[in-house]
Amino acid sequence: MGRLERLLVPVTGDEHSLYALDQILEFAATRKCRVAVLSVVPPYTGDLGSSALADLKRLLRQPSELALARALEMANARGMDIDCLCEEGEPFEVIVDTARRLKADLVAMGVADRSALGRLVRGNVPLRTIGHSDRDVLLVPQGAVLGFRSILLATDGSRYCTYAAVTALQLAREHDADLHVLYVADLAFPDSAEGQLAADMEVEHGRAVVEAIAARAAQEGVRARGHVAQGEAAERILATARRLGAECLFIASHGKGGLARLLLGSVAEEVVASAHIPVYVAVRDRLRR
């Protein structure tokens, strides 16, 4: 993974998307990143006549144009140059295609307050973007301050989490951050001796996973500490982030064990929907590239 140099920020004109843009511009200004702001006009599939259709398309385009004008004002206020793009189509498809065309390193998206996000996540644009993108995706909850001084990496030890670990290590090194590595043993303690033995083995495996990443971090000059928790994965991840005062949570887009349902159901939805800090979803699996 290289530095984050090219960032794509989709905006809708809603406060949560402009808030995320504000956080990204602040981040980009200090790192001299190139920022492209994208607003997607939803497609019209009706059968209006040509004259009425032209009027409708202008009407549909207005919110996007206003959002981009606001984005330009925000960038100008910081003395930054940004690229503004207005495209038509299915939002998540346009975002994914544009990120690939621009060779963006990261897609940064705003998410609404948690109660609204809970509804948004189900079939929403951010989750669909994560599911289809080959670029990393950063989700910024409204009100959360984007920072990397304290990073929590949730891992299940799978190869899919390797890329997330590499990404978190790099950003931790660049920001002189404290890196916390968390493994959640998603096992209830059964009463049977066999079950207890399986649980002990899972916890021991978790310790080995976090210690391996912590050792690699030490070799790269990154302060790292491993943690093993037991319980429901999303709940323990979010609780640990709060307890440690983490500023950003790193997860992989695919995985096994405690993160097996990521993008497939409850864990992803709960982590993303309930997170009080930005969530960095490492999408690219460099082992497959």
Side-chain angles (χ1 to χ4, degrees), residues 1-14 16-29 31-42 64 67-68 71 74-75 80 82-112 117 120-121 123-142 144 146-148 151 160 163-164 166-168 170-171 248-254 262-263 268-269 271-273 275 277-286 289:
M1 174 198 166
R3 287 186 67 248
L4 296 178
E5 297 179 340
R6 295 178 295 276
L7 312 178
L8 176 64
V9 186
V11 296
T12 62
D14 293 333
H16 64 270
S17 71
L18 294 177
Y19 178 84
L21 174 62
D22 184 68
Q23 292 295 307
I24 291 300
L25 291 176
E26 188 72 22
F27 172 78
R31 297 170 57 91
K32 303 187 183 308
C33 304
R34 189 67 188 175
V35 177
V37 180
L38 169 68
S39 190
V40 182
V41 180
S64 292
L68 292 175
M74 295 165 64
M80 297 176 63
I82 61 172
D83 301 313
C84 291
L85 308 169
C86 187
E87 306 285 352
E88 179 179 331
E90 185 65 35
F92 80 91
E93 292 178 347
V94 174
I95 294 168
V96 169
D97 291 344
T98 303
R100 188 176 296 125
R101 175 167 54 84
L102 297 180
K103 298 180 179 178
D105 299 306
L106 180 69
V107 177
M109 310 179 71
V111 286
L117 180 60
L120 189 65
V121 162
N124 73 349
V125 174
L127 204 58
R128 288 186 175 186
T129 299
I130 294 170
H132 291 81
S133 176
D134 59 358
R135 311 286 154 170
D136 294 351
V137 178
L138 176 69
L139 301 178
V140 182
Q142 190 167 9
L146 179 60
F148 295 103
I151 294 171
Y160 298 107
Y163 176 68
V166 170
T167 306
Q170 176 165 326
L171 282 172
C248 190
L249 169 61
F250 277 66
I251 57 177
S253 64
H254 303 280
L262 196 58
L263 296 185
E269 289 192 5
V271 168
V272 173
I277 57 176
V279 178
Y280 190 114
V281 184
V283 171
R284 291 177 292 183
D285 178 3
R286 62 169 42 188
R289 292 170 72 89

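Just so you know, these numbers come straight off a predicted model, no measurement behind them.
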Are [X] and [Y] packed together at the side-chain level, in the sense that at least one heavy-atom pair is separated by less than 4.5 angstrom?
| X | Y | answer |
| --- | --- | --- |
| Glu87 | Asp97 | no |
| Val96 | Thr129 | yes |
| Leu146 | Leu138 | yes |
| Val111 | Val279 | no |
| Leu171 | Leu4 | yes |

Between CG on residue Leu7 and CD1 on residue Ile82, distance to nearest 0.5 Å: 11.5 Å
Please round to the nearest 0.5 Å and tell me the distance separating atom CZ of Arg100 and atom CG of Leu8.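 CG of Leu8 is found 12.0 Å from CZ of Arg100.
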Between the main-chain N or O of [Y] and the side-chain N or O of [X], is there a donor-acceptor pair closer than 3.5 Å?
| X | Y | result |
| --- | --- | --- |
| Asp105 | Glu5 | yes |
| Ser39 | Val11 | yes |
| Arg6 | Lys103 | yes |
| Tyr19 | Ala144 | yes |

Can you name the nearest heavy-atom pair linking Ala75 to Leu25, along with the distance? N-CD1, 4.0 Å
Identify the heavy atoms of Ser17 and Thr12 that sit nearest to each other, and give their distance.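 Taking every non-hydrogen atom into account, OG-N, 3.1 Å.
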Would you call the rings of His132 and Phe92 parallel, tilted or perpendicular, taking 30° and 60° as the class edges? tilted
